[in-house]
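This report concerns only the one structure given below.
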Amino acid sequence: MNTSPPLAAERKAELMHRLRRAEGQVRGLQKLLEEGADCAKIAQQLLATRHALDSTYVRLNLSLAEQELTGSTGPGADAQAVSDVLGRLQDKLGRSR
């Protein structure tokens, strides 16, 4: 059974912010559908919602990787160096809003 430690408060807050943004976008989608908006507008909102969720998923996985890397190297690990490497990886994947 995998028992990863809980996310750091800062990471958790960031992910919650992103999920709330996506939740707002889903509500916007519902409103567009209820109002009979044109398909192009709905498609644009769907794309924005998908992007928000994809971005959240990437950030969660980066946090998981950071936990694994710092945990596997012990308490003396250079957490900042690991964070820097993961930051560069995220830059290569494409930074999102």
Checking one residue: [X]. Which other hydrophobic residues are in its cluster under the side-chain 4.5 Å linking rule?
X	result
M16	none
L15	L7, L60
L29	L32, L33, I42, L46

Exercise. Hey, does the side chain of S55 reach the backbone of H51 with a donor-acceptor pair shorter than 3.5 angstrom?
Worked result: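 Not confirmed, S55 side chain does not pair with H51 backbone.
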Problem set entry | Residues in salt bridge (Lys or Arg N to Asp or Glu O under 4.0 Å) contact with R20, at least two apart in sequence or another chain |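 Testing R20 for salt bridge (Lys or Arg N to Asp or Glu O under 4.0 Å), a comparison that skips the adjacent residues, returns none.
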Problem set entry | For E23, all residues meeting salt bridge (Lys or Arg N to Asp or Glu O under 4.0 Å), sequence neighbours excluded |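 Only R27 meet the salt bridge (Lys or Arg N to Asp or Glu O under 4.0 Å) criterion with E23.
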[X] side, atom [atom1]; [Y] side, atom [atom2] - distance, nearest 0.5 Å:
X	Y	atom1	atom2	result
E14	R11	CD	CZ	6.5 Å
Q45	K31	CD	NZ	11.0 Å
T56	R21	OG1	CZ	8.5 Å

For this session: Name all pairs fulfilling the salt bridge (Lys or Arg N to Asp or Glu O under 4.0 Å) condition that reach into residues 42-53, sequence neighbours left out, sorted by first residue then second.
Result: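 Only R50-D54 qualify under salt bridge (Lys or Arg N to Asp or Glu O under 4.0 Å).
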Problem set entry | Closest non-hydrogen atom pair between A22 and T49, with its separation |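 It is O-CG2, 4.2 Å.
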Problem set entry | Side chain proximity check, N61 to L64, heavy atoms < 4.5 angstrom |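 Yes, at least one pair of side-chain atoms sits under 4.5 Å.
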